[in-house]
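All values reported here derive from a predicted model rather than from experimental measurement. Atoms considered below: every heavy atom in the structure, side chains included; atoms not considered: hydrogens, waters and symmetry mates. In what follows, chains are A, B, ... by sequence order, proteins preceding strands, each numbered from 1.
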Amino acid sequence: MRVGVLAAWWLVLTGLLVWAASRFQGFPLAAAREAAVADHAFRFLMLMASPVFTLVMAALLYSVLSRRGQGDPPEPPPYVPEHPAVPRVWFALTAALAAYVIYNPGLVGLAEMREVPLSQLLGSSPGGRVRLASLGGAEGDLVVRVRASRWLWQFEYPEQGIAARELVLPVGRRVRFEVTATDIVHSFWVPAFRTKIDAVPNLTTYLHVTPTRTGSFEESVDLRVQCAELCGVGHALMASPVRVLEPEKFDAWVAQQARR
Amino acid sequence: MRVTGPVLKGLLYGAVGYVLGGPVLAAVVRAAGGSFPFDLELAAGSVLGTVGWLAGVGMWDVWARGWFGLPLRSWPEDDGVARYFRFTTDHKVIGIQYLVTFLGLLFLGGALAMLMRWELMRPGMQLLTLNGFNQVMSLHGIIMIAVAVAILLGGLGNYCVPLMIGAHDMAFPRVNALSYWLTPPVAVMLLASLLVGGWDSGWTAYPPLSTVNAPGQVLMIVAVVIFGLSSILGGINFLVTIARMRAPGMTWGRLPIFVWSVFAASLLSFVVTQYLAASLLMVLLDRVAGMSYFHFARGGTPVVYQQLFWFYSHPAVYIMIVPAFGAALEVITHFARTPLYAYRWVVGAFLGIVGLSTIVWAHHNFTSGMPDWMHAPMLATTEAISVPTGLVFLSALGTLLRGRLWLRTPMLFALAWVWNFLIGGITGIFNADVATDLHLHDTYFVVAHFHYTIMGGEIFALLAAVYYWYPKITGRMYDERLGRLHFWWSFLAFNATFLPMFWAGLHGMNRRIADYPAALGSVNLWTSLAAFLLGASFLVFLYNFVVSWVRGPRAEANPWQASTLEWQVPSPPPVENFPAPPAVVGAPYVYGMPGVRHAVLGAAGGSER
Amino acid sequence: MRPDRLPEKLSVGGRVFGALGVLTAVEWFAARWPGALLWLTLIALGKTALIAEYFMHYSQLVRPEE
Amino acid sequence: MHPAEAAGRLSAHELQNARLGLWLFIVSEAALFSAFIAARYLNLGTSRPEELNQLLGLGITGVLLLSSLTAYRAETCIAHGDRPGFLRNVLWTVLLAGVFLVGVVVEWGEGFHYFPPSTRYGTSFFSLTGLHGLHVLSGAVLLLGIYLHGRRGRYGPGEYWPVEGVVKYWHFVDVAWVFIYPTLYLVG
């Protein structure tokens, strides 16, 4: 076996893949701070995975192209004892790589998603009034109560005293979603925000999102609330449009809703 | 009648059992003024029906009569096809029973997948109703899960493990037969659920949906619990067999790697399967006994189900994939004509996977509303599992690079396994990472990921193993040209089907939906067309499998000139496997070591027949 | 296995039963101590060990002649 | 079961296989109980109602422990060839199992009144005692079978695997209760 040829294969393939991964643009619309975190983690994982992927590819290609035997079956090659260091080095390298990926983007990305320092990752979430809570710190500039039922979404704005069947948000403000369900488990997911949380009966879950650009469902299908947990007959169709507005337009919308 | 007698008797007893345990019991209770919900009627009927089936098919005659001090009865001995329709204790017959039954279910599940892809080919509803799609999707899921758990362990594990360790049979031959004969009622119940409204909660059966949907859910629960029992009994049987039935000299360090993988998977299955049974039984209790585990109106806590369920169901994927690792490495080492590289590290990796897999379950629950403190540790343990898995890759690649490759059909499928599982494994990292998983969870990205691991990983390894052991099992050779055609066709179609699904998932296509936004139309059209090609490729396999068994050229004892024990006896092996216990004297893979042997067979055995 | 050892073996069972009874009594009071769950678990594990060792002959698995 | 096995005649190798298999089965069963016990804590922590009949709970716990002793005595007797002692002790074990079941039924009657299955405590109480009760019932039936076989002259020193197996299973049923009792009656 010629290690040099194998290494050349590996370097060439890695170069190609890293180039492709770093230029990868195939993300859906990104309309929130959380989307940027997720997409960054996604791209970073692609970069980290590239050399691993190409190493296996190179070995596979090299062995198929250069290590094919003659004969039916081929004469076995003379047995050479294994060098004991190889598995140890492999183990150490993969363990180090796994440890790094656990740290970044794993724990780092998780902390960024929650907007908390790394040291607080093991803490549990806010509030004595819920036994189980979910992702995100305690505060929000705007509270939206999300109620899922078979098969529709309802959004309440308790501070504004209004309710709607369409999710309308102001751009640039941290929204605290308080999510629950009236019947069975649903999941609150906006693809353009890259995050979701289950809507569970007898439980309130939390999700924090800061929209970073305006837009609407009419412009991009990614701006929709889509149920992501199988909930029976209407599951596929359980979606609501999302609109992200400039703050003043949002205030106007609130005022208009309040009059109705 | 000689062929179908036991099965007909089993069906008759099963029907009687169902009627007595279900409708008749319900009528009696109702006549006495009690209440007897239809769900309970279905559950009681199907349990008693299964008992009746087992009694009719042979357990009464060859087992239970002894408990009452009566002489045992058995059906007349038969070498022909009839023995495959009997309660037989020969592990080779049971292995073939498993293999053929679950290949049939694999094709059935595949046909259901074709239905789904037909519906998903274009946006809007064409072929199925919304509810019909959910039922087809659920049925596809649970059938394929059952296939993935049982086909490699129950089929090839049963057939090969006793042969590979030099035993005459499994440790508990009758328990082995029971494990198999428990599975036909499972299939019947799953299909019969369509008669009572089916069920639409997917194979995961998350409550509270599964506590309030159609009665078909009850049949699904009973079926899965019974299947779990079969899986537990099979696991115990493998553990005792491998621990205590090895031939003289077959030390733990000389076990073929496939045997080790079966051992590791059995270690998992005999414990964690109980958690699946428990979580589904809780759903059943909610339904039939009015309990409040998960039911929303009675203050239940649905999140608890997800913890218990995944405590089984994540290790379950290792019950599926670890034997596939073993089978693929087995094929790779024989067809690379060199000893398996880093054998001890792989064994350690299998056991490491077994250990780690019990502390990773909550990565399925990142978005479920579980306590926040669970995210970080579960993320870490999940990603740590890539380290032992990496050792499996090291072993495969080291063996390939040091060998002289013999590219026959089994080897081609084993190489495809490396490619497919690599993609499946790497995309798993994206699902283990919270920052990316919050978006990707419950999307087609996950669908693509687990089809790459289970279909691309396990089923491709299964195909490698089926082609590899085909001459041993059937005594005939398959058609090599058709085998290669099947390989290239299915490998290309598989990747064409599932690679685009990653893109669809990233772009907002959630899983288990009958309809999707029109923007996702073209990727779905492509996926559907590729899926039909993939489905069609299996017809080549089916043709090759059936026709070669009937008309293929006779196979020699050892067509691959392989070193392990099962190849040192005639194809197919005699009933008693080895005329006398073989003496194992060396490592399992002794290629390129002149004069070194794995085993010496007894005087009457003879390896070069 | 000599028959004359029967009374001796039976008395072992009696002593184990006595120990189990004492542990159950301790359990009854341990439920009121702070950190009861931990104590109760430890006591239950202790009872399990007694039953597995003396009643179920756990060691037979390694030493078959028992 | 093969007549030879029904009488308990296994080779030493088969006996060790059977023992290991039974132990693995017991570990598996323990996992099933542990799932239901875990659900009790996950669902409602350590809270429990005041109306539990503590005296009855303690009583049936004692009865079950005592039945383990008689089961042990039965196995030891047959191992030493004391058939009358064996039969007497098996019968005592079955009797104690019956007393235990009667106790559970009485407690169920009270339970239906104070904490029916639709309440969160009732859910765990009835499923744990029910699951365990089914094991007690099946164990009692098996013990009865052993008794009937034994009365017809089966089993003897060195050939009593069915007795040993059923008795081991019975001890396991006792161990399960060792965990269920504090879970349902004592914590909180």
Side-chain angles (χ1 to χ4, degrees), chain B residues 62-72 170-172 174-175 228-229 231-233 235-241 243-245 266-267 269-279 281-282 284-286 289-295 297-301 303-305 307-309 311-312 370, chain D residues 1-7 12-45 112 115-128 130-131 134 141-142 145-146 148-149 151-154 162:
Chain B
V62 306
W63 205 338
R65 284 173 61 94
W67 295 336
F68 296 92
L70 301 169
L72 299 180
M170 300 281 280
F172 308 117
R174 278 180 314 204
V175 175
L229 178 62
S231 181
I232 289 166
L233 294 176
I236 292 174
N237 214 339
F238 277 124
L239 289 176
V240 178
T241 303
R244 301 205 22 92
M245 302 286 282
S266 301
L267 271 181
S269 78
F270 96 99
V271 175
V272 295
T273 308
Q274 294 284 13
Y275 277 78
L276 175 70
S279 53
L281 283 175
M282 288 172 199
L284 192 67
L285 286 171
D286 271 11
M291 290 196 176
S292 65
Y293 277 110
F294 313 119
H295 196 285
R298 303 185 203 118
T301 38
V303 183
V304 170
Y305 174 87
Q307 306 277 356
L308 293 175
F309 177 83
F311 189 76
Y312 162 75
M370 69 178 181
Chain D
M1 199 174 283
H2 194 270
E5 281 175 56
H13 188 253
E14 286 169 327
L15 177 63
Q16 282 302 99
N17 284 357
R19 277 180 180 156
L20 181 57
L22 182 65
W23 271 104
L24 293 174
F25 180 72
I26 284 173
V27 171
S28 179
E29 286 266 80
L32 178 66
F33 279 101
S34 78
F36 276 90
I37 290 175
R40 183 258 198 263
Y41 292 110
L42 291 170
N43 267 331
L44 68 161
F112 270 112
F115 39 87
S118 58
T119 63
R120 290 184 34 198
Y121 180 82
T123 293
S124 272
F125 178 84
F126 282 95
S127 36
L128 271 170
L131 181 70
L134 279 179
V141 169
L142 289 172
I146 292 299
L148 294 174
H149 276 300
R151 226 176 45 169
R152 277 187 274 164
R154 293 197 181 172

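- Annotation: the span from D:Thr123 atom OG1 to B:Asp286 atom CG amounts to 6.5 Å, rounded to 0.5 Å.
- Residue contact with chain B, scored on non-hydrogen atoms closer than 4.5 Å, is absent for D:Phe33.
- Nearest heavy-atom pair, D:Arg120 versus B:Arg298, reported as atom, atom and distance to 0.1 Å: CG-O, 4.5 Å.
- In summary, of the residues considered (B:Asn237, B:Leu233, B:Ile236, B:Leu267), a side chain to side chain contact (heavy atoms under 4.5 Å, CB included) with D:Leu24 occurs for B:Ile236 alone.
- Per-residue heavy-atom pair counts under 4.5 Å with chain B were compared for D:Gly145, D:Gly122, D:Gly21, and the maximum is reached by D:Gly21.
- D:Asn43 contributes atom CG, which lies 8.0 Å from atom CE of B:Met282 (distance to the nearest 0.5 angstrom).
- B:Thr241 contributes atom OG1, which lies 10.0 Å from atom CG of D:Leu20 (distance to the nearest 0.5 angstrom).
- Across every non-hydrogen atom of B:Val240 and D:Asn17, the tightest pair is CG1-O, 3.8 Å.
- Note that NE2 of B:His295 and OG of D:Ser118 are 11.0 Å apart. Values are rounded to the nearest 0.5 Å.
- The shortest heavy-atom contact between D:Ala31 and B:Tyr275 is O-CE1, 3.6 Å.
- Side chain of D:His149 to backbone of B:Gly69: no donor-acceptor contact under 3.5 angstrom is found.
- Using a 4.5 Å cut-off between heavy atoms, D:Thr119 contacts chain B through its backbone alone, with no side-chain atom that close.
- Looking at D:His13, its side chain never comes within 3.5 Å of a backbone N or O of B:Met245 through a donor-acceptor pair.
- Residues D:Ser28 and B:Phe270 come closest through the heavy atom pair OG-O, 2.8 Å.
- For B:Phe311, no part sits under 4.5 Å from any heavy atom of chain D, backbone or side chain.
- Contact tally against chain B (heavy-atom pairs below 4.5 Å) for D:Ala35, D:Ala38, D:Ala18: the top residue is D:Ala35.
- A heavy-atom distance below 4.5 Å is not found between the side chains of B:Leu285 and D:Phe126.
- With a 4.5 angstrom heavy-atom cutoff, B:Phe172 touches chain D only via side-chain atoms.
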